[in-house]
There are 2 protein chains.
Amino acid sequence: MEEKETLNIENSRSQMRRGLLEFCTLAVISKEEMYASDILEALKVADLIVVEGTLYPLLSRLKGEGLLKYAWVESSAGPPRKYYSLTPKGREFLDKLKVTWKALNRSIDSLVK
Amino acid sequence: MEEKETLNIENSRSQMRRGLLEFCTLAVISKEEMYASDILEALKVADLIVVEGTLYPLLSRLKGEGLLKYAWVESSAGPPRKYYSLTPKGREFLDKLKVTWKALNRSIDSLVK
DNA sequence: ACTTACTACCTTGTTCCGCAAGGTAGTAGG
DNA sequence: CCTACTACCTTGCGGAACAAGGTAGTAAGT
């Protein structure tokens with residue numbers, strides 16, 4: 001029963017990352033059109049572990065909300081890929097999230113300092 | 001169907017705050033013993049909206065994990081209050097979360113910049 | 001040309017957690 | 001004594017991350 005404790009910090013870390021995924025996903029796509037594997041890689045480099053089962057539904061949701069669009073692009077090796085990019089609405093949304101992020105940052109720093 | 005969009009940014013903001021609540025709650029309690037209303041107030045001041053229905057289960061969970069303890073203190077006006085404080089284990093845990101927070105911060109800044 | 005490996009898409013079921021709403025009980029004041 | 005207030009807590013719901021599993025197109029070896 002006590003070995004849960006070592007897992008616990010990991011759980012808390014996941015919780016922290018949670019909710020930032022949407023923001024980060026939009027942020028990486030805003031720099032460059034990407035398909036799912038690119039996005040996973042970009043997030044992984046920034047230590048934000050995500051798995052396919054999380055990303056695909058997220059991308060679908062963001063597309064459904066009109067924040068993202070995609071284009072099929074044939075790959076030289078393998079099946080075709082969906083390359084995602086931001087819609088104008090997606091860019092506006094990302095800008096708002098950036099503001100939110102900055103504010104949240106200040107709030108938390110004031111609590112933690 | 002389209003009026004969801006105005007709600008959407010609020011939803012995303014909540015998602016961002018999510019996962020940071022545990023961290024912030026421990027952080028405010030670490031500065032000073034507090035009971036639930038104090039904690040709610042402290043978080044509200046930092047623009048982290050939380051409600052009772054969120055906080056009570058969280059406090060119970062953290063107590064169950066041995067990160068918090070509490071002492072009953074009689075109030076001059078009203079029912080007695082549970083004043084929470086961090087256990088030694090809670091302090092260690094909070095320190096780890098601070099490190100996590102800093103790292104997360106850097107990661108996200110690198111994605112967003 | 002057929003089988004194997006690989007890549008890329010997506011779905012299902014579980015679990016966790018925040019939240020809205022509602023519920024209990026002790027204290028104080030008219 | 002009864003109404004208002006404060007402080008505790010629980011229940012039911014919904015959203016989202018994740019693990020695991022599933023489909024299908026392409027390529028490469030024999």
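Labels below follow one simple rule: chain letters A, B, ... track the order of the sequence lines, proteins then strands, and each chain is numbered from 1.
A salt bridge does not link B:Lys82 to B:Glu74: none of the charged side-chain nitrogens sits closer than 4.0 Å to a carboxylate oxygen. No salt bridge links B:Lys96 with B:Glu92; every basic N to acidic carboxylate O contact stays at or beyond 4.0 Å. A salt bridge is absent between B:Lys44 and B:Glu41: the closest approach of a Lys/Arg side-chain nitrogen to an acidic carboxylate oxygen does not fall below 4.0 angstrom.
Taking the six-membered ring where tryptophan is involved, the planes of A:Tyr70 and A:Tyr84 are perpendicular, since the angle between them exceeds 60° and thus also 30°.
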Take B:Val112 and A:Leu94 through the test side-chain contact (heavy atoms from CB on, under 4.5 Å) and record every step on the way to the result.
CA-CA 10 Å; B:Val112 172; A:Leu94 176 58; over 6 Å; no
Tell me, with the steps shown, if A:Arg17 and A:Glu10 meet salt bridge (Lys or Arg N to Asp or Glu O under 4.0 Å).
CA-CA 11 Å; A:Arg17 288 190 288 260; A:Glu10 246 341 287; 3.8 Å; yes
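Of the inter-residue distances, the one linking B:Cys24 atom SG with B:Ile29 atom CD1 reads 11.5 Å to the nearest 0.5 angstrom.
Here the side chain of B:Lys89 pairs a donor or acceptor atom with the backbone of B:Glu65 at under 3.5 angstrom.
Where B:Gly78 and B:Lys82 each meet DNA chain D at their nearest nucleotide, the meeting point lying more 5' is that of B:Gly78. Between B:Pro79 and B:Glu22, the residue anchored nearer the 5' end of DNA chain C, judged by the nucleotide with its closest heavy atom, is B:Glu22.
Between the C1' atom of D:dC18 and the CZ atom of A:Arg18 lies a distance of 9 Å, rounded to the nearest Å. Atoms CD (B:Gln15) and C1' (D:dG15) sit 7 Å apart, rounded to a whole Å. The separation between A:Trp72 atom CH2 and D:dT26 atom C1' is 14 Å, rounded to whole Å. In this structure, CG of A:Leu55 is placed 14 Å from P of D:dA19, rounded to the nearest angstrom.
If you walk DNA chain C from 5' to 3' and mark each nucleotide with an atom closer than 4.0 Å to a heavy atom of chain B, the marks span C:dC17 to C:dA28.
Remark: B:Val51, B:Gly53, B:Thr54 in residues 29-54 of chain B come within less than 4.0 Å of DNA chain C through at least one heavy atom.
As judged by a 4.0 angstrom heavy-atom cut-off over every strand, A:Arg81 is placed among residues touching the sugar-phosphate backbone only. Contacts of A:Arg17 with the nucleic acid, taken as non-hydrogen atoms under 4.0 Å apart, are absent.
Within a 6.0 Å sphere centred on NZ of B:Lys102, heavy atoms belonging to other residues, nucleotides or ligands number 12 at most.
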